[in-house]
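Worksheet: the structure to be examined is printed underneath.
Just so we're clear, the structure is a prediction, and the values are computed from it rather than from any experiment. To find a chain, count down the sequence lines: A is the first, B the second, and so on, and within it residues start at 1.
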Protein chains: 2
Amino acid sequence: MQTETICLGILRNGPATGYVIKSVLEGPLNQIYNLSFGSIYPALSKLTKEKYVTVKQHAQDKKPDKKVYTITKKGISYFEETLLEESGKYVRSGNYGDQIKSEFAMLLLFSKSLPKENIKLILDERILYVQQQLNLITYEGPLAKDSNLNAIRNSAQGQFTRGLMAEVIKTAINYMEKNRKKLHD
Amino acid sequence: MQTETICLGILRNGPATGYVIKSVLEGPLNQIYNLSFGSIYPALSKLTKEKYVTVKQHAQDKKPDKKVYTITKKGISYFEETLLEESGKYVRSGNYGDQIKSEFAMLLLFSKSLPKENIKLILDERILYVQQQLNLITYEGPLAKDSNLNAIRNSAQGQFTRGLMAEVIKTAINYMEKNRKKLHD
DNA sequence: AAGACATATATCAGATTGATATAGGGACAT
DNA sequence: ATGTCCCTATATCAATCTGATATATGTCTT
């Protein structure tokens, strides 16, 4: 999925800055997709040139300038067309998460070359880390500032997607706890 | 994880060509990591220069030349050191699969902008596709040629990792079947 | 006999990351 | 008080990676 499409999809839920778009991709909807500023900012510039979004510069008293982007009607049409056209190809990529680079799974696969005490430590850390991620995804408390993230999180689509991720993560934790002995006993 | 490390890890299980390394990353151990030829071939050249691997060119009668790479003792030491040094950072990246780019999850998240019939079709296709991936991972039949892939697949580490992926995929299928109505009814 | 597919290596434009730079504010410790 | 660290906020860039394409030949199917 193009960076431009992701940005438009997030802006569909309300105006946002590049910084906020990045934070949406790291908050409770985390574990799905990530983008660096190095691709978000150029994408927003391109979208502005093509009139799919408009910008308003907010010169803030004591903070750096904010550039708040808003999706245009043209942008909404373009977004909906693109999503429909490309939907087929997003289905066949990855099992539950595309473009897979699971360094952790590779580490497990290569763990024969690691001392057993280290394997134990690694699994302990991993289970803790994954549990934290689960908490992030299932967090239902207030989110403050960006209505954008709230809208995405509380929509039926957001609930479904978060539920899917949460179930998958729980399964992973249970599996690791039950079967870890096979790797280090 | 560096491409060089991945290559060394696969070569630890026996000599292989670049083509075979690519196929290992696409076979029954699929869904964990992937690399393009554009990064595998340069990595193998670099490893050769640094004497972590040796090459033997097999001029084949009627096929293009094969370059069979074998890991050296220096390569094994380097691999084990790297794995140990970097293991900590591989733990904290992604929930079950790092560097996440789940185009499918993004599509679900944005599916409010899609006609309901399309959402139904997408979920049908997705469930079918994911089921195929599950079959690939759980496949226990013969693999022919490359002992390399066999060795990885049948090791305790391979069994653990494949089991983890399989459980996670089954959970995803069940979840989608049970909850899909929330997206299109 | 044409077309699809598998083996096998290689290159490259375009896209992405991760680090770094810049800049001010607030929180907390020493 | 002064240092350190984190948050908001935009931006750039070298190094890396992908996806497409090129080249070459064999086999299997229709």
Side-chain angles (χ1 to χ4, degrees), chain A residues 1-7 15-27 33-48 53 55-69 86 89-90 92-94 98-101 103 106 143-146 148-149, chain B residues 1-7 15-27 33-48 53 55-69 86 89-90 92-94 98-103 143-146 148-149:
Chain A
M1 199 176 284
Q2 287 195 109
T3 301
E4 283 81 11
T5 310
I6 309 279
C7 290
T17 63
Y19 189 82
V20 167
I21 289 174
K22 172 86 174 143
S23 76
V24 167
L25 264 15
E26 279 173 343
Y33 212 89
N34 212 0
L35 288 170
S36 64
F37 287 122
S39 55
I40 292 171
Y41 286 122
L44 289 170
S45 300
K46 205 182 155 197
L47 287 169
T48 308
V53 301
V55 208
K56 267 192 193 171
Q57 285 219 38
H58 294 235
Q60 294 181 295
D61 275 9
K62 306 183 170 179
K63 285 177 191 169
D65 274 19
K66 246 190 201 178
K67 288 187 184 173
V68 180
Y69 293 88
E86 316 253 278
K89 81 174 189 193
Y90 302 145
R92 338 199 131 257
S93 39
D98 291 26
Q99 191 187 308
I100 298 193
K101 294 269 159 165
E103 306 198 319
M106 289 310 274
L143 286 174
K145 29 182 182 37
D146 30 64
N148 207 301
L149 187 45
Chain B
M1 197 176 283
Q2 290 195 105
T3 301
E4 283 82 9
T5 311
I6 308 279
C7 289
T17 63
Y19 189 83
V20 167
I21 290 173
K22 172 82 174 145
S23 74
V24 167
L25 262 17
E26 281 175 339
Y33 212 90
N34 211 0
L35 288 170
S36 65
F37 287 123
S39 55
I40 292 171
Y41 287 123
L44 288 171
S45 300
K46 204 181 156 198
L47 287 169
T48 307
V53 301
V55 207
K56 266 192 193 170
Q57 288 221 34
H58 292 238
Q60 296 183 122
D61 275 8
K62 306 183 173 181
K63 285 178 196 172
D65 273 21
K66 246 190 205 178
K67 287 188 185 175
V68 179
Y69 293 87
E86 316 252 279
K89 80 174 187 189
Y90 302 146
R92 334 197 135 259
S93 38
D98 289 26
Q99 191 188 309
I100 298 191
K101 295 270 157 165
S102 179
E103 306 198 318
L143 286 173
K145 30 183 181 36
D146 30 67
N148 208 302
L149 186 47

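- Atom CD in A:Q2 sits about 14 Å away from atom C1' in D:dG19, given to the nearest Å.
- Straight-line distance from the NZ atom of A:K22 to the P atom of D:dT12: 17 Å, rounded to whole Å.
- OP1 or OP2 of C:dA15 has not a single side-chain nitrogen or oxygen of A:T3 nearer than 4.0 Å.
- When each of B:G18 and B:S39 is assigned the nucleotide of DNA chain C with its nearest heavy atom, B:G18 is the one assigned upstream, toward the 5' end.
- Considering only side-chain N and O atoms, A:T17 lies nowhere under 4.0 angstrom from the phosphate OP1 or OP2 of D:dT8.
- For B:Y19, the side-chain atoms get nearest to C:dA6 when compared with the rest of C:dA10, C:dA6, C:dG18.
- Of the candidate nucleotides C:dT17, D:dG19, C:dT9, D:dG19 has the atom lying nearest to any side-chain atom of B:S36.
- Contact annotation: B:Y41 side-chain N/O to C:dA10 OP1/OP2 distance is not under 4.0 Å.
- Taking five base pairs at each end of the helix from C:dA1-D:dT30 to C:dT30-D:dA1 and finding the rotation axis that steps the C1' atoms of four pairs onto the next four gives two axes whose angle is 40°, to the nearest 10°.
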For this session: For side-chain contact (heavy atoms from CB on, under 4.5 Å), just list the numbers for A:M106 and B:L25, CA-CA rounded to whole Å, side-chain angles, deciding distance to a tenth of an Å, and then say yes or no.
Result: CA-CA 10 Å; A:M106 289 310 274; B:L25 262 17; 4.2 Å; yes
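- Under the rule for a side-chain contact (heavy atoms from CB on, under 4.5 Å), the partners of A:K67 that lie at least two apart in sequence or sit in another chain are A:V55, A:Q57, A:Y69.
- Comparing D:dT10, C:dA10, D:dT18 against the side chain of B:L35 picks out D:dT18 as the nearest.
- In this entry the distance linking CG of B:L44 with P of C:dA10 reads 9 Å, nearest Å.
- C:dT7 atom P lies 11 Å from atom CD of B:E26, rounded to whole Å.
- Between B:F37 and B:P42, the shortest heavy-atom distance links the atoms O-CD, 3.7 Å.
- The side chain to side chain contact (heavy atoms under 4.5 Å, CB included) test with B:T17 singles out one residue from B:I40, B:L44, B:V68, and that residue is B:V68.
- In this structure, of D:dA11, C:dT16, C:dT9, it is C:dT9 that holds the atom nearest to the side chain of B:K67.
- Residues passing the side-chain contact (heavy atoms from CB on, under 4.5 Å) test with B:S39, sequence neighbours excluded: B:T3, B:L35, B:S36.
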